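Note on naming: letters A, B, ... go to the chains in the order of the sequence lines (proteins, then strands), and numbering restarts at 1 for each one. Being a predicted model, the structure only gives us computed values, none of them experimental.
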Number of protein chains: 2
Amino acid sequence: MATIKDIAKHVKLDISTVSRALNESPRVKESTKKYIKRVANKLGYQKNDIARGLATKKTNTIGLLISDISNPFFAELTKGVEYEANKKGYSVILCNSNWDPKKERDSIDVLKGKRVDGLLIHASMGLTGIYKKEYKDDKIPEVFLGNFFDHKDYDEFYYVSIDNIKAAHETTSYLISLGHRRIAHITGNITKDNKGYNILIDRLNGYKLALEEAGIKYNNDLILETSPGISSSCNITKEFIKEHKYVTAIFASCDIMALGVYKAIFDLGLKIPLDISVAGFDDIEISSLLNPKLTTYEQPKFEMGSAATKILLDLINGNKPEKKGLILKSNGLIKRESCKFLEH
Amino acid sequence: MATIKDIAKHVKLDISTVSRALNESPRVKESTKKYIKRVANKLGYQKNDIARGLATKKTNTIGLLISDISNPFFAELTKGVEYEANKKGYSVILCNSNWDPKKERDSIDVLKGKRVDGLLIHASMGLTGIYKKEYKDDKIPEVFLGNFFDHKDYDEFYYVSIDNIKAAHETTSYLISLGHRRIAHITGNITKDNKGYNILIDRLNGYKLALEEAGIKYNNDLILETSPGISSSCNITKEFIKEHKYVTAIFASCDIMALGVYKAIFDLGLKIPLDISVAGFDDIEISSLLNPKLTTYEQPKFEMGSAATKILLDLINGNKPEKKGLILKSNGLIKRESCKFLEH
DNA sequence: TTGTACGCGTTATCAC
DNA sequence: GTGATAACGCGTACAA
């Protein structure tokens, strides 16, 4: 593969001139620039970002650490990240932890080893605590996507999120306004695992708040915790419904879990919303294709990705935003068909 | 950030010894190895893959070029790629073309600039023709994911796929066996755009074959072409149904398009499968959650990704598989609820 | 078992 | 406007 040295030999100019020409330096004659480029082309020259990275200490690459690319929420978010990054000439290395704490931690090392210019992190439990101790010193710019360690860290890290408490509050209140009082909430393993699930904790708190306002006593038995996948959500919901027949509504902390709930209810021969109302969170594209269409709280997924990336690139280029946190606007609760008025 | 030079200074040994120790070279005393590693740890040393890459001409990174990460088919495939790559110590840089030919071409350059060790490509129209001319010479290992340029290239490139002709043939035949004769087929822009959609062409040919066997005349009006997204598929299907009321079944070339078809049919106030039967392709996870559950031809998505990656890593390490193409086994047609016997 | 010296392909800082 | 040369951080023959 041709290098600038090869080009230099061909055009009988110095390697440094070639470098400048290829980088559009103004301090090189237009004609020689053209000439050099033509030769470069002819030799099939391709820039070597590795060598350049070593010299400039920049890779024009950012790392994206998420939990599950199969979840359309993350897929959309990833698109937002890629869009914004590519627009500014950056590539993104994707790391999927698959909800595996060890993989999550390892990924950070891999990414740092590759000298990414910045990190975009949707943390799950893997990073809790440990992260802060280990990496606090040699910090590279990083922005968190909603989820990070602990609420205490809200003013220590950059992040992009929506107001999850408000969102869950609104959704739960809607269910209550329909007459529901026995409302279950299905969420991630927020108590079993470490912390690090602050967005889910926020949603749980929003749920609690709505209950409290309505004078409904919070019941811990109505909280289902499992990993955020369709089948795990389905299984736990099935068990749950069998033992808690009196529940009339289920609020899922993400649409993927709502899908599992749907499947569980169908499998048990029950009907949505006739027997049980279901509300979700995220508004992934297929939510409106389900039958019945899922009522869910929208998250600006693509925008979360692009906004976080924008901040990260600012950070990389030395521009610190005034506030650490960016709370995005949501389209709110999308009322569709999966929740109905509770008749007695 | 500490370098091996810093470590060398600390332990009062040569930088080369440090390098060897960190790379588990057998030619360095165990005790000094331990010592060096301890110091490295204390200094917070992190390996610099950029510098290493320059020295070794290896990046332990592969590039993955796909069309749309929002499509669960690609998400699953990506997971397979990541799984296999990570297992062997490779990272993957993801490039999403979003069906944009220009972006697709550009991505290849970016990836090569970053000196990835190999390329995994699900080509769409962007690479057709051009690709072969431009990059034929300085080839880096590459494996195609089902889709590539032209059927003529089948023995020129490495690829992993399923037998798409057989699959589409089987699916269409099933529809025919249910009594359907006016069967539409919705697919990508295979005639409008360039070639480069050989898997879709294969599926179309399987469809034609089945019709032919059944003595049904192929009708070009029943082929809908659009970009493989939910809303585009929905729109074109709506228009189509209005003008072709006599159609009793629609075979979609991927599940995402089947979703669009579902939406179109619902929006028109029709019922699946009562008014129109629908068959898909891929068997993405939500297919079985739809109401009615989608009948679809399964593709081993994760395995396609992992198998292709395995081949690519073999190629990278100098082991050429005997055959260029690997045809994976599928679980075949998953018969669910979206197709029914046609009554007269 | 450890040290020396060079190269990887580029950018950057001087000169001229 | 162009050239010479020293980095960048690491791996690796070749010596010792």
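Residue A:Thr3 places no side-chain N or O under 4.0 Å from the OP1 or OP2 atom of C:dC8. For the OP1/OP2 pair of C:dG9 and a distance below 4.0 Å, the side-chain nitrogens and oxygens of B:Lys57 include at least one atom meeting the criterion. Considering only side-chain N and O atoms, B:Tyr45 lies under 4.0 angstrom from the phosphate OP1 or OP2 of D:dC10. Side-chain N/O atoms of A:Arg52 include none lying less than 4.0 angstrom from OP1 or OP2 on C:dG9.
With the nearest nucleotide of DNA chain C identified for both B:Lys33 and B:Ala51, B:Lys33 has the one nearer the 5' end. The residue among B:Thr17 and B:Arg115 whose nearest nucleotide of DNA chain C lies closer to the 5′ end is B:Thr17.
Among all heavy-atom pairs drawn from A:Thr32 and A:Lys29, the shortest one is OG1-O, 2.8 Å. For B:Ala2 against B:Leu43, the heavy-atom pair with the smallest separation is CB-O, 3.7 Å. Of all non-hydrogen atoms in B:Pro141 and B:Leu315, the two that sit nearest each other are CB-CB, 3.9 Å. When all heavy atoms of A:Val116 and A:Thr59 are compared, the closest pair comes out as CA-OG1, 3.6 Å. Of all non-hydrogen atoms in B:Val110 and A:Asp49, the two that sit nearest each other are O-OD2, 4.4 Å.
Atom C1' of nucleotide D:dG11 and atom NZ of B:Lys47 are separated by 15 Å, given to the nearest angstrom. Whole-Å rounding puts the B:Ile50 CD1 to C:dC8 P distance at 18 Å. Whole-Å rounding puts the A:Leu22 CG to D:dT2 C1' distance at 16 Å. Spacing between atom CG of B:Leu54 and atom P of C:dC6 amounts to 18 Å, rounded to whole angstrom units. For A:Glu30 and D:dG1, the CD to P distance is 9 Å, given to the nearest whole Å. Between the C1' atom of C:dG9 and the NZ atom of B:Lys114 lies a distance of 15 Å, rounded to the nearest Å. When the P atom of D:dG3 is taken as reference, atom NZ of A:Lys29 falls 10 Å away, rounded to whole Å. To the nearest angstrom, P of D:dG9 lies 17 Å from NZ of A:Lys58.
Remark: A:Asp314 engages no residue in a side-chain hydrogen bond (donor to acceptor under 3.5 Å, both in side chains) (not counting sequence neighbours).
Electrostatic pairing of A:Asp68 and B:Lys79 counts as a salt bridge here, judged by a charged N lying under 4.0 Å from a carboxylate O.
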With 3.5 Å as the limit, what N/O pairs link the protein to nucleotides 12-16 of chain D?
none

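When the nucleotides D:dC8, C:dC8, C:dT2 are ranked by their closest atom to the side chain of B:Lys5, D:dC8 comes out on top. Closest approach to the B:Ile4 side chain among D:dG9, C:dG9, D:dC10 is made by D:dC10 (side chain taken as heavy atoms from C-beta onward).
Checking each of B:Val81, B:Val160, B:Val92, B:Val143 against B:Thr309 for a side chain to side chain contact (heavy atoms under 4.5 Å, CB included) leaves exactly one that passes, namely B:Val81.
The local environment of OH in A:Tyr83 is sparse, with at most 12 non-hydrogen atoms from other residues, nucleotides or ligands closer than 6.0 Å.
Axis angle between the ends of the helix from C:dT1-D:dA16 to C:dC16-D:dG1, five pairs each and rounded to 10 degrees, works out to 40°.
Looking only at atom types and distance, the side chain of B:Ser16 has a donor-acceptor partner in the side chain of B:Asp14 under 3.5 Å away.
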